Amino acid sequence: MSPTLGILGAGRVGTAIARQALRAGYDVAIAASGDPAAIELIVEVMAPGARAVTAAEAARASDLVVLAVPLNRYATLDPGMFTGRVVVDAMNYWAETDGHVPALEAARSSSEMVAGHLAGARVVKTLNHIGYHDLEMDHAPAGAPARRALAVAGDDDAARARAMELIDRLGFDAVDAGPLAAGAALEPGTEIFTGWFDRPGLEEQLELARAATVR
Ligand SMILES: NC(=O)c1ccc[n+]([C@@H]2O[C@H](COP(=O)([O-])OP(=O)(O)OC[C@H]3O[C@@H](n4cnc5c(N)ncnc54)[C@H](OP(=O)(O)O)[C@@H]3O)[C@@H](O)[C@H]2O)c1
C-alpha cells in the first residue's frame with residue numbers, strides 16, 4: 001500500500017512537494033485554509049493525482065504532515081489536529097512577505113516557535129532550505145553520485161527518522177542535524193539555506209554551525 005502524506009498549503013511549495021511525493025509513490029492529501037472545492041482546480045493542474053481536502057483531513061490523513069503555509073499563519077493552525085503527528089516544518093520567516101513578527105525575530109529558531117504552538121506534535125524542520133523548483137530538478141535515486149543532501153532537525157528521534165525517510169524517498173540524502181534548535185542553521189541567511197550541498201558538504205556546514213553556537 002502507498003504511504004500517505006498530508007500537506008497543508010497548496011501554494012508554490014505545497015504543490016511542488018505534492019508532485020515530488022506523488023512521483024515517489026505517496027498518496028497525497030493536500031489542503032489550503034478553506035473549502036477544498038476552492039483548490040480542486042489548482043490541485044488538478046499543479047499536482048494531478050493529489051486529493052484536495054480540508055486542513056483537518058490533511059492532518060488526519062497520515063502521521064506525517066508537511067506544513068507549507070506562510071509562517072505568519074502558523075498561529076492559525078489548530079494544534080489539536082496535529083497531536084502525535086510528525087509535522088515537517090518547511091516554512092521560513094520572510095519579513096518582506098510575512099511582515100515583521102517581533103516574536104519570530106527574537107526566537108532562537110522559527111521551528112521552536114511552531115513547536116511551541118503545536119504542543120503535542122513532533123515537529124521536524126526540513127524541506128525549507130531548498131527552492132521549490134530545485135525540489136523537482138535536483139532529486140536523484142539513493143546511491144547516485146553527488147546526490148543533493150537536506151538536513152533534518154527535530155527533538156524526537158523517531159520523528160526525525162520518519163522525516164529522513166521522507167527526504168530519501170523524495171530523492172535526497174537526509175542528514176541528521178540533531179535537535180530542533182539546530183533548525184536555526186537552516187534558516188534564511190545561513191550558508192545552508194543559500195547553498196547546494198551533498199552529504200559530506202552538508203555535514204561539514206552543520207558542524208561549523210554547531211561550533212559557532214558553542215563559541
Ligand atoms: N519559495 C521557496 O522556494 C520556498 C522553499 C521552501 C520553503 N518555503 C516556505 O514555504 C512556505 C510556503 O510558501 P509558498 O511560496 O508555497 O506560499 P504560497 O504560494 O503563498 O502558498 C501558501 C499556501 O498556504 C495556504 N494556507 C495559508 N494558511 C493556511 C492554513 N491555516 N491552513 C492550510 N493552508 C493554509 C494558502 O491557502 P489560502 O489561499 O487558503 O490561504 C496557500 O495555499 C513559506 O513559509 C515559505 O517561506 C519557500
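Here the structure is a predicted model, which is why all the values come from computation and not from measurement.
Closest approach of A90 and L127 over heavy atoms only: CB-CB, 3.9 Å. Contact record, A55 with A32: CB-O, 4.0 Å, taken as the closest heavy-atom pair. When all heavy atoms are compared, the tightest approach of T76 to R73 is OG1-O, 2.6 Å. When all heavy atoms of P3 and G25 are compared, the closest pair comes out as CD-O, 3.9 Å. In plain terms, the two heavy atoms of A31 and V53 that are nearest each other are CB-O, 3.2 Å. Of all heavy-atom pairs between A95 and E105, the closest is CB-OE2, 4.4 Å.
The CG atom of L118 sits 9.0 Å away from atom OG1 of T83, with the distance rounded to the nearest 0.5 Å. Taking CE from M46 and CD from E44, the interatomic distance works out to 13.0 Å, rounded to the nearest 0.5 Å.
No chain of hydrophobic side-chain contacts below 4.5 Å, direct or via other Ile, Leu, Val, Met, Phe, Trp or Tyr residues, connects M91 to I130. Note on I167 and L67: separate hydrophobic clusters, where clusters join Ile, Leu, Val, Met, Phe, Trp and Tyr whose side-chain heavy atoms are under 4.5 Å apart, directly or indirectly. L64 and I30 end up in the same hydrophobic cluster when Ile, Leu, Val, Met, Phe, Trp and Tyr side chains are linked at under 4.5 Å. The hydrophobic clustering, which links ILVMFWY residues whose side-chain heavy atoms are closer than 4.5 Å, places V28 and V65 apart.
The backbone N or O of V152 lies less than 3.5 Å from no partner atom in the side chain of R160, so there is not a single donor-acceptor pair. Checking side-chain atoms of D198 against main-chain N and O of G201 turns up a donor-acceptor pair under 3.5 Å. Listed for the T190 side chain is a donor-acceptor partner under 3.5 Å among the backbone atoms of A185. In this structure, N128 contributes its side chain and L186 its backbone to a donor-acceptor pair below 3.5 Å. Put simply, the side chain of S62 gets close to the backbone of T4: a donor and an acceptor are under 3.5 Å apart. Side-chain atoms of D155 come within 3.5 Å of backbone atoms of L180 as a donor-acceptor pair (strictly under, hydrogens ignored). H129 places no side-chain N or O within 3.5 Å of a backbone atom of L150 that could act as its donor or acceptor partner.
Under the 4.5 Å side-chain criterion, counting only non-hydrogen atoms from C-beta, V66 is not in contact with V13. In this structure the side chain of M113 reaches within 4.5 angstrom of the side chain of L104, judged on heavy atoms. No side-chain heavy atom of V87 sits less than 4.5 Å from a side-chain heavy atom of V124. Contact check for T54 versus D35: no side-chain heavy atoms found under the 4.5 Å cut-off. Side-chain contact check for F82 versus H117: every heavy-atom pair is 4.5 Å or farther apart. You'll find the side chain of V114 stays beyond 4.5 Å of the side chain of L77, heavy atoms only. Annotation: side chain of L206 is in contact with side chain of I192 (closest heavy-atom distance under 4.5 Å). The side-chain heavy atoms of V88 and R162, taken from C-beta on, include no pair separated by under 4.5 Å.
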- Message: Could you walk me through whether E207 and E204 satisfy the side-chain contact (heavy atoms from CB on, under 4.5 Å) test, starting with their C-alpha distance in whole Å, then the side-chain angles of each, then the deciding distance to 0.1 Å, before giving a yes or no?
- Response: CA-CA 5 Å; E207 197 44 54; E204 189 185 342; 5.6 Å; no
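Screening residues 149-201 for ring pair (Phe, Tyr, Trp, His ring centres under 6.0 Å) gives W94-F193 as the qualifying pairs, with residues at least two apart or on separate chains. For residues 76-102, the pairs satisfying salt bridge (Lys or Arg N to Asp or Glu O under 4.0 Å) are D89-K125, with sequence neighbours left out.
Side chain to side chain, Q20 and Y26 fail the donor-acceptor criterion of an N or O pair below 3.5 Å. A donor-acceptor contact under 3.5 angstrom links the side chains of S110 and E187, judged on distance only.
Under 4.0 Å is where a charged nitrogen must lie from a carboxylate oxygen, and between D27 and R51 at least one such pair does. Remark: R23 engages E136 in a salt bridge, criterion side-chain N to carboxylate O under 4.0 Å.
Within a 6.0 Å sphere centred on CD of E203, other residues, nucleotides and ligands contribute more than 12 heavy atoms.
Partners of A47 by side chain to side chain contact (heavy atoms under 4.5 Å, CB included), not counting sequence neighbours, listed by chain and number: A18, R19, L22, A50.
Partner R148 forms a salt bridge (charged side-chain N to carboxylate O under 4.0 Å, His left out) with one of D173, D168, D134 and no other, that one being D134. Screening D156, D157, D63 for a salt bridge (charged side-chain N to carboxylate O under 4.0 Å, His left out) involving R122 leaves a single residue, D156.
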